[in-house]
Amino acid sequence: MPRAKAHRYLVSLERRGYVEQDPASARYRLGPQALHTGLAALAEVDFVKLAAGCLEDLSAAIGQTVFISVWGQHGPTIVQWRDARLPVTVNVRVGSVLPLLNSATGRVFAAWSPEALALPRALAEWDTAQRQGADAARLLDDPAADGLPFDPADPAAALRARWQATRQRGYASVSGHLLHGIDSAALPVLDAQGQLAGAITGLGLHGGFDLTPDGAPLRALTAAAAARSRRLGWRGGR
């Protein structure tokens, strides 16, 4: 690579904190943003490696499609996917980014992520949906939030209340909200500090996926998520 071109790249990386220049030697070294990115990637690799190992058995046990996701650059992102013996036809796959408001996976990330990270993105989704004429009740409909008040003028308060209810219940579920005719449930996987490492999600055809807390899918998903949380060092309750 020509020296001038390499220098332009280094200047750009330096502006973003990925490299820094030693004032004495003028040599470049990795900057603080590179360390932050590396640590974040390391944490995700641990979760992905642990969770991916259970997907085949989990899918076979509940007879449903399952996947795991992490928080990516644009939000909750699917990183591993296992189809059921009879796969369902959906338009999300590995690499898909899921919304916070009306997907089970997104609701898990919203409920267990820091509010400073989740709330601005959720409100942006809300504004976009409102401009497109979406049904507010459908966006916020959640079995965990039955009876909770909703003031259209204060969506942030409604979201906070629903996320608290989701945390108390321990999982999120949706029925046909994101994908017509598809039900899904998602569970958080927590690390040693109680921070969200990722989510495990199951989905299936409406009427064939039992969303009740005592149903086979929820029991299996809950056990899988709890086991992975323990492997990551989490010892508390949900």
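Every value quoted in this text rests on a predicted model; they were computed, and no experiment measured them. These values consider heavy atoms only, across backbone and side chains, with no hydrogens, waters or symmetry-generated copies.
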Spatial distance of atom CZ (Arg160) from atom CG (Leu119) [nearest 0.5 Å]: 5.5 Å
CG-CZ distance between Leu187 and Arg228, expressed to the nearest 0.5 angstrom: 12.0 Å
Audit row: Tyr171, Leu221, side chain to side chain contact (heavy atoms under 4.5 Å, CB included) steps and yes/no: CA-CA 9 Å; Tyr171 68 93; Leu221 288 165; over 6 Å; no
Polar side-chain atom of Ser59 near backbone of Thr65 as donor-acceptor pair, under 3.5 Å: no
Note: Asp83-Arg93 ion pair, threshold 4.0 Å (strictly below): yes
Stepwise side chain to side chain contact (heavy atoms under 4.5 Å, CB included) check, Glu14 with Gln21: CA-CA 8 Å; Glu14 185 177 22; Gln21 190 175 28; 3.8 Å; yes
Any Ser229 side-chain heavy atom under 4.5 Å of Val189 side chain: yes
Thr212-Asp214 side chain donor-acceptor pair, cut-off 3.5 Å: no
Residue pair Leu100 / Ala118: nearest heavy atoms and the distance that separates them: CD1-O, 3.5 Å
Backbone N/O of Ala227 and side chain of Arg231: donor-acceptor pair under 3.5 Å: no
Donor-acceptor pair, side chain of Arg82 and main chain of Glu56, under 3.5 angstrom: no
Arg29 atom CZ, neighbour heavy-atom count above 12 within 6.0 Å: yes
Sequence neighbours excluded - ring-ring contact (aromatic ring centres under 6.0 Å, His included) pairs with any residue from residues 74-104: Phe67-Trp81
Leu123 reachable from Val97 in the ILVMFWY side-chain graph, under 4.5 Å edges: no
Heavy-atom side-chain contact between Ile78 and Leu98 under 4.5 Å: yes
Nearest heavy-atom neighbours spanning Ala122 and Leu101: O-CD1, 3.9 Å
Same apolar cluster (I L V M F W Y, side chains within < 4.5 Å links), Val66/Val79: yes
Verdict with supporting geometry, Leu232 and Leu190, side chain to side chain contact (heavy atoms under 4.5 Å, CB included): CA-CA 7 Å; Leu232 289 176; Leu190 307 177; over 6 Å; no
Val90 with Val94, same ILVMFWY side-chain cluster at under 4.5 Å: yes
Whichever hydrophobic residues join Val19 through chains of side-chain contacts under 4.5 Å: Leu10, Leu13, Tyr18, Tyr28
Nearest heavy atoms of Ser175 and Asp183, plus distance in Å: OG-OD1, 2.8 Å
Gln168 and Gln164: CA distance, side-chain angles, deciding distance, side chain to side chain contact (heavy atoms under 4.5 Å, CB included) verdict: CA-CA 6 Å; Gln168 291 173 347; Gln164 181 179 6; 3.6 Å; yes
Distance-only donor-acceptor check, side chains Thr105 and Thr201, under 3.5 Å: yes
Closest non-hydrogen atom pair, Ser113 against Leu196: OG-CD2, 3.8 Å
